[in-house]
Amino acid sequence: MDFDDVIRIGTELPDVEVLTSYGTPALKVRGKAFCRLWGDDERERKGPDVDGEVLVVFVDAAEKRAWIQTSDGALFDQAHHHGHGAMLVKLDEVDEDLLLDVLEQSYRLKAPRTLLRRLDELAGR
């Protein structure tokens, strides 16, 4: 997977725009970023041993450990995000199903209720 796949999957969610956040490509819902690429400065400071594109997503902090433990290494955490509802995705190691799940989870944490209802209607929930 790569950021083009993130765009393809993420823009199927209601009212998503491709913009920037912290100077990096991002997906936003009603002006709120729900995922963005790691920038070069973050890679240099926090993850020089991580190859490929890294995506920052949001997750319920209480569920983060379970997400990471069941991801076969595609999801990870850095000290900067410990105790917070954010985790990192190695795009070259994540499969499409897991990417879809983490993008939807992140979207649900940032989108207004009206869009969540629309998303649930589209999914037949």
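Sequence positions, counted from 1, serve as the residue numbers for this chain.
Remark: the backbone N or O of Arg36 is not paired with any side-chain donor or acceptor of Ser21 at under 3.5 angstrom. Using a distance-only test at 3.5 Å, with no hydrogens or angles considered, no donor-acceptor pair links the side chain of Ser106 to the main chain of Leu103. The closest donor-acceptor contact from the side chain of Glu53 to the backbone of Leu37 lies at 3.5 Å or more, if one exists at all. Proximity of a side-chain donor or acceptor of Lys32 to a complementary backbone N or O of Ala111 within less than 3.5 Å is not detected. For Lys28 (side chain) and Leu19 (main-chain N/O), no donor-acceptor pair under 3.5 Å exists by modelled atom type. Looking at Thr11, its side chain does come within 3.5 Å of a backbone N or O of Ile7 through a donor-acceptor pair.
Shown here for Gly10 and Leu27, the closest heavy-atom pair between the two residues is CA-CD1, 3.7 Å. Shown here for Pro14 and Arg118, the closest heavy-atom pair between the two residues is CB-NH1, 3.9 Å.
Annotation: Arg8, atom CZ; neighbour count of heavy atoms from other residues, nucleotides and ligands within 6.0 Å is above 12. Atom CD of Glu63 is surrounded by more than 12 heavy atoms from other residues, nucleotides or ligands within 6.0 Å.
Using a 4.0 Å cut-off between charged side-chain N and carboxylate O, Lys90 and Asp51 make no salt bridge. Salt bridge Arg108/Asp60: absent, no basic N to carboxylate O contact under 4.0 Å. Salt-bridge formation is not detected for the pair Arg117/Glu121: no Lys NZ or Arg NE/NH1/NH2 atom is positioned less than 4.0 Å from an Asp or Glu carboxylate oxygen.
Under the 4.5 Å side-chain heavy-atom criterion for Ile, Leu, Val, Met, Phe, Trp and Tyr, Val54 and Ile9 are members of distinct hydrophobic clusters.
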